[in-house]
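This report concerns only the one structure given below.
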Number of protein chains: 2
Amino acid sequence: MEREAGVLQPAELKVEFSGCPVKASLDVLGHKWALLVLRNIGLYHVQRFNDMLRITPGLTKRVLAMRLRELEREGFIQAVERGPRYTRWGLTEKGEDALPILMTLVRFGSKWYADEVFADKRSRTLGDVFQISYIRQILGRLPA
Amino acid sequence: MEREAGVLQPAELKVEFSGCPVKASLDVLGHKWALLVLRNIGLYHVQRFNDMLRITPGLTKRVLAMRLRELEREGFIQAVERGPRYTRWGLTEKGEDALPILMTLVRFGSKWYADEVFADKRSRTLGDVFQISYIRQILGRLPA
DNA sequence: GCCGAAGGTATCCTAAGTAAACCATATGAG
DNA sequence: CTCATATGGTTTACTTAGGATACCTTCGGC
């Protein structure tokens, strides 16, 4: 009989979980469009409401407004500039720490969904996609 | 004015996207419970239907059945053993390639949601959580 | 003053996910 | 052999998250 998730302890695990860090992370980032909004800000440097709408096919104003408020409330993003004309969003430290998740998603998608990602439909490695210095900057020196 | 997502090209990007690899990856993995089912199989080595239900609070039979079929159809998992009593699920090569995503989620959750992940509520690094050899085995030598 | 763009809300509708009951097959205990 | 229990589901009904669309206010340019 299996044990509870919080008490699971495969051989590779050095600690005992009382909850699951994957589940915890997904409580916020698992909502639809959340990771793509983070991608817009952190990876594409698109900081404004209507610009995000424009570059994110399928995303609606209503949901974007919800995700921005949620990500702000949960400490992933903050207003870099809040004017009457527009607000520019940037990542907090917590948001920056979520970039490695996006990196692994880029890596996965570039390998397995090359047909919809690249015009020539050829798989690519992370090193093919980003400058090495940038990859190091984001992924840092794992496992830290 | 911003360009389309597929034509975006920040300084760090070496290639031009025609679609977004993050978006593509999330088409399957973005569905609720999908990453947690993958976690059950790939990280926790829990391979059977009712075992997954037991260790995954909130997940229902109906959704689990849907996610298993979807993950199988999309090539993330396969039946390791399909008997009359039960089926044991394992990762395909594609599923294994998704483990780095789970790793970064573990890393993120262990740092930012330590209060719900660890009994002592103290943040931990990936190196605190997994054996180094295991981290290397999964994350490999990035950026490849 | 008029127009368009930015950044939203309000209203309604659909699809995804949740809850709970039901069910067939297969042991396992007696 | 028979009964109880577990496994791995499906069915039906319900709730909620998200999609579509219309509307609205503020600002700046002309």
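What's counted below: heavy atoms across the whole structure, side chains too, no hydrogens, waters or symmetry copies. Lettering of chains follows the sequences in order, A, B, ..., and the numbering in each one begins at 1. Since this is a predicted model, take the numbers as computed values, not measurements.
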Phosphate contact ([N] OP1 or OP2) by [X] side-chain N/O below 4.0 Å:
| X | N | value |
| --- | --- | --- |
| Arg88(A) | dA6(C) | no |
| Arg67(B) | dG17(C) | yes |
| Trp33(B) | dT18(C) | yes |

Distance in angstrom units between [X] [atom1] and [N] [atom2], rounded:
| X | N | atom1 | atom2 | value |
| --- | --- | --- | --- | --- |
| Leu59(A) | dG18(D) | CG | P | 11 Å |
| Phe49(A) | dG7(C) | CZ | P | 8 Å |
| Leu64(A) | dG18(D) | CG | P | 13 Å |
| Leu53(B) | dA19(C) | CG | P | 12 Å |
| Asn50(B) | dA26(C) | CG | P | 16 Å |
| His31(A) | dA16(C) | NE2 | P | 16 Å |
| Arg69(A) | dG18(D) | CZ | C1' | 14 Å |

- prompt: Shortest non-hydrogen contact from Thr87(A) to Arg48(A)?
  reply: O-CG, 3.6 Å
Minimum heavy-atom distance between Arg67(B) and Val37(B), given as atom pair plus value: CB-CG2, 4.2 Å
- request: State the CD-CZ distance between Glu70(A) and Phe76(A), to the nearest 0.5 angstrom.
  value: 9.0 Å
field: From NZ (Lys121(A)) to CD (Glu116(A)), nearest 0.5 Å
entry: 9.0 Å
- request: With heavy atoms under 4.0 Å as the rule, sort Arg82(B) into base, sugar-phosphate or nothing.
  value: nothing
- prompt: When we call it a touch if two heavy atoms are under 4.0 Å apart, what does Lys61(B) touch: a base, just sugar-phosphate, or nothing?
  reply: base
- prompt: Should the pair Lys94(A)-Asp97(A) be classified as a salt bridge under the 4.0 Å nitrogen-to-oxygen rule?
  reply: no
statement: Taking dA26(C), dT9(C), dT7(D) as options, the one with an atom nearest any side-chain atom of Tyr86(B) is dT7(D)
message: Of the options dG19(D), dG8(C), dG17(C), whose atoms approach the side-chain atoms of Lys32(A) most closely?
response: dG19(D)
field: Quiz item: Arg62(B) side-chain donor-acceptor pair to dG17(C) base, under 3.5 Å
entry: yes
message: Does Arg85(B) contact dG8(D) through a side-chain donor or acceptor facing the base, at a distance under 3.5 Å?
response: no
- request: Could you say whether Trp89(B) or Pro84(A) is positioned toward the 5' end of DNA chain D, judged by the nucleotide with the nearest heavy atom to each?
  value: Trp89(B)
